[in-house]
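Inspection log for the structure reproduced underneath, given as structure tokens.
Residue numbers count from 1 along this sequence. These values consider heavy atoms only, across backbone and side chains, with no hydrogens, waters or symmetry-generated copies. In this text the structure is predicted, and so the values were computed from the model without any measurement.
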Amino acid sequence: MKKSVLFGTLAVAGLMAGAASADTLAEVKARGELNCGVNQGLVGFAAPDANGNWTGFDVAVCKAVAAAVLGDPTKVKYVATSGQTRFTALSSGEVDLLARNTTWTFSRDTDLKLDFVGVNYYDGQGFMVRKDLGVTSAKELDGATVCIQTGTTTELNLADFFKANNMSYQPVTVDSNAEGEQQYIAGACDAYTTDISGLAATRAAFADPDNHVILPEVISKEPLGPAVRHGDSNWGDIVMWTLNALIAAEEYGVTSANVEELAKGTQNPEINRLLGVEGDLGAMIGLDKEWAKHAIMAGGNYGEIFAANIGEATPIGLARGLNAQWTQGGLLYSPPFR
């Protein structure tokens, strides 16, 4: 019996070791397509149009990685995931990458055996209410009903906030943002709580967005970013440095409009290394010299992606804030390409 237990343990360990050594890059190349886990539908971040074409801030990460790895940003299969299914989809191998407005936390990074490879949006949790409710602060929500998605960090944050402020609330649980929107509009709850970027995206889809107010309180830190599975560090490096390439490109003035010209060579060694003019950084991660150039061409640099999908000129209307470059007072900062 002890031998059986020992052999069983060794077998499981062997399976885990096999999973840990999986070559996601080789699998994606052989498949000719990136399987990317995204939101089921959040305007500005990830949503399909009437023809099934996906666009959005998070979708742009999928496209950039596909372009870096396969040379073609259209080679993506988008897998819609909910708050409950997103981590299973990644850990099971259904998707190669999770780019779904997901908060990087200690337990998700360690206990769920995921690797968050960066932050593409620095966010925080907030509350949205109808203007006619007459509420101007979240501290006026004592006794309120609050719509909240299950399986998210917002549940604990909500409980902590109300407890800290000696207030009570009645949760109205929903499984998705779409259901939360429906319940809120139907009057099933006084307030809807989620990441502020999600509230802005949800409000933008309303027929009467001006009649809804996002309250000023930010009750948590929500660093949102792409995640991959533990055990394949090279694939993690590819996704991490693709995101860094988009951030660095904005800092150095490399855009979708000028990247082809700059790829002929510049006086800036960092740009030359980024675009593969000098050295061969791509070889270090199993990609060609122009991987970053392809990623930038897919949808532009970080600033272009932000402006086109969720920026102040869009219905979502988000200011850069913390998501500005470090040179502009924000938190965006790419390590050097050298």
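- Below 30°, between 30° and 60°, or above 60°: for Tyr184 and Phe206 the angle between ring planes is below 30°, a parallel geometry.
- No continuous path of ILVMFWY side-chain contacts below 4.5 Å connects Ile316 to Ile196, so the two sit in separate hydrophobic clusters.
- Nearest heavy-atom pair across Asp175 and Ser82 is O-CB, 4.4 Å.
- Taking all atoms of both residues into account, the shortest heavy-atom contact from Val119 to Pro223 is CG2-CB, 3.8 Å.
- For the pair Asp58/Leu42, no side-chain contact is recorded, criterion being any heavy-atom separation below 4.5 Å from C-beta on.
- With His294 contributing its side chain and Ala66 its backbone, the two residues share no donor-acceptor pair below 3.5 Å.
- The line from CD1 of Ile296 to OG1 of Thr255 is 9.0 Å long, rounded to the nearest 0.5 Å.
- For Thr24 and Asp232, the side-chain atoms include at least one donor-acceptor pair closer than 3.5 Å.
- When hydrophobic clusters are built by joining Ile, Leu, Val, Met, Phe, Trp and Tyr residues whose side-chain heavy atoms come closer than 4.5 Å, directly or via intermediates, Val218 is not grouped with Leu215.
- Annotation: the span from Thr194 atom OG1 to Glu222 atom CD amounts to 8.0 Å, rounded to 0.5 Å.
- Without hydrogens or angle criteria, Ser220 side chain to Gln125 main chain gives a donor-acceptor distance under 3.5 Å.
- With hydrophobic clusters built from ILVMFWY side chains whose heavy atoms lie under 4.5 angstrom apart, Phe162 does not share a cluster with Met128.
- Within the cation-pi definition used here (under 6.0 Å to the ring centroid, within 45° of the axis), Arg100 does not qualify as a partner of Phe87.
- When all heavy atoms of Pro226 and Leu97 are compared, the closest pair comes out as CB-CD1, 3.8 Å.
- Between the side chain of Asp142 and the backbone N or O of Met167 there is no donor-acceptor pair closer than 3.5 Å.
- No donor-acceptor pair closer than 3.5 Å links the side chain of Asn51 to the backbone N or O of Asn53.
- Looking only at side-chain heavy atoms (C-beta outward), Ile247 and Tyr333 stay at 4.5 Å or farther from each other.
- Asn39 is not listed as a side-chain neighbour of Thr81, based on a closest heavy-atom distance of 4.5 Å or more.
- Under 3.5 Å, the side chains of Thr266 and Asn268 contain no donor-acceptor pair of N or O atoms.
- Ile271 places none of its side-chain heavy atoms less than 4.5 Å from the side chain of Phe337.
- In this structure, Ile148 and Pro171 approach most closely via the heavy-atom pair CG2-CB, 4.4 Å.
- With rounding to the nearest 0.5 Å, the separation of CG in Asn35 from NZ in Lys77 is 5.5 Å.
- Linking ILVMFWY side-chain heavy atoms closer than 4.5 Å, directly or via other members, places Val172 and Val146 in two distinct hydrophobic clusters.
- Heavy atoms only, all atoms of each residue included: Met240 and Val117 are closest at CG-O, 3.2 Å.
- Counting heavy atoms from C-beta on, the side chains of Ile238 and Leu25 come closer than 4.5 Å.
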Dump the intermediate steps for side-chain hydrogen bond (donor to acceptor under 3.5 Å, both in side chains) on Asp49 and Thr55, then the final yes or no. CA-CA 8 Å; Asp49 62 18; Thr55 59; over 6 Å; no
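- Of all non-hydrogen atoms in Asp190 and Ala144, the two that sit nearest each other are OD2-CA, 3.4 Å.
- Distance alone, capped at 3.5 Å, places no donor-acceptor pair between the Glu33 side chain and the Val28 backbone.
- If you look at Phe106 and Phe116, their ring centroids are not closer than 6.0 Å.
- Between Phe161 and Phe127, the distance separating the two ring centers is shorter than 6.0 angstrom.
- Note that the CG atom of Leu158 and the NZ atom of Lys163 stand 13.5 Å from one another [nearest 0.5 Å].
- Put simply, the side chain of Thr202 reaches to within 4.5 Å of the side chain of Asn177, judged on heavy atoms.
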Does the side-chain contact (heavy atoms from CB on, under 4.5 Å) test come out yes or no for Arg108 and Thr102, once each step is laid out? CA-CA 10 Å; Arg108 289 173 175 178; Thr102 296; 3.7 Å; yes
Assess the residue pair Thr154 and Thr152 against the criterion (side-chain hydrogen bond (donor to acceptor under 3.5 Å, both in side chains)); give the C-alpha distance rounded to whole Å, side-chain angles, the decisive distance to 0.1 Å, and a yes or no. CA-CA 5 Å; Thr154 55; Thr152 65; 2.4 Å; yes
For Leu275 and Leu262, what are the C-alpha separation, side-chain angles and deciding distance, and is it a side-chain contact (heavy atoms from CB on, under 4.5 Å)? CA-CA 8 Å; Leu275 300 182; Leu262 294 179; 3.8 Å; yes
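- In summary, the aromatic rings of His212 and Tyr192 are positioned with their centroids too far apart to meet the 6.0 Å limit.
- Electrostatic pairing of Asp123 and Lys221 does not count as a salt bridge here, judged by no charged N lying under 4.0 Å from a carboxylate O.
- Panel note: side chain Asn301, backbone Gly303; a donor-acceptor pair is recorded below 3.5 Å.
- Judged by distance alone, the side chain of Gln183 and the main-chain N or O of Glu179 form no donor-acceptor pair under 3.5 Å.
- Considering only heavy atoms from C-beta on, Glu250 stays 4.5 Å or farther from Leu246 through its side chain.
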Given the rule in the ring pair (Phe, Tyr, Trp, His ring centres under 6.0 Å) test, do Tyr302 and Tyr121 qualify, once you have shown the distances and angles that lead to the verdict? CA-CA 10 Å; Tyr302 180 94; Tyr121 193 91; 8.4 Å; no
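- A donor-acceptor pair under 3.5 Å is absent between the side-chain atoms of Arg130 and the main chain of Leu133, judged by distance alone.
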May I have the step-by-step check of side-chain hydrogen bond (donor to acceptor under 3.5 Å, both in side chains) for Ser91 and Arg229, ending in yes or no? CA-CA 6 Å; Ser91 61; Arg229 287 179 294 278; over 6 Å; no
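- Using a distance-only test at 3.5 Å, with no hydrogens or angles considered, no donor-acceptor pair links the side chain of Gln328 to the main chain of Gln325.
- Follow the hydrophobic side-chain contacts under 4.5 Å out from Leu322 and you never reach Leu199; the two are in separate clusters.
- Atoms CG and NZ, on Leu34 and Lys29 in that order, are 13.0 Å from each other to the nearest 0.5 Å.
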Test side-chain contact (heavy atoms from CB on, under 4.5 Å) on Cys36 and Val79; report intermediate values, then the result. CA-CA 6 Å; Cys36 201; Val79 180; over 6 Å; no
Passes side-chain hydrogen bond (donor to acceptor under 3.5 Å, both in side chains), Glu155 versus Thr150? Steps please. CA-CA 7 Å; Glu155 289 182 290; Thr150 56; 5.5 Å; no
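- Contact check for Leu331 versus Trp326: no side-chain heavy atoms found under the 4.5 Å cut-off.
- Between the OG atom in Ser233 and the CD1 atom in Ile285 there is a gap of 11.5 Å [rounded to 0.5 Å].
- Between the side chain of Asn258 and the backbone N or O of Val254 there is no donor-acceptor pair closer than 3.5 Å.
- Residues meeting the salt bridge (Lys or Arg N to Asp or Glu O under 4.0 Å) test with Lys293, sequence neighbours left out: Glu260, Glu290.
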side-chain contact (heavy atoms from CB on, under 4.5 Å) for Lys63 and Val59? Distances and angles first, verdict last. CA-CA 6 Å; Lys63 291 181 177 180; Val59 166; 3.7 Å; yes
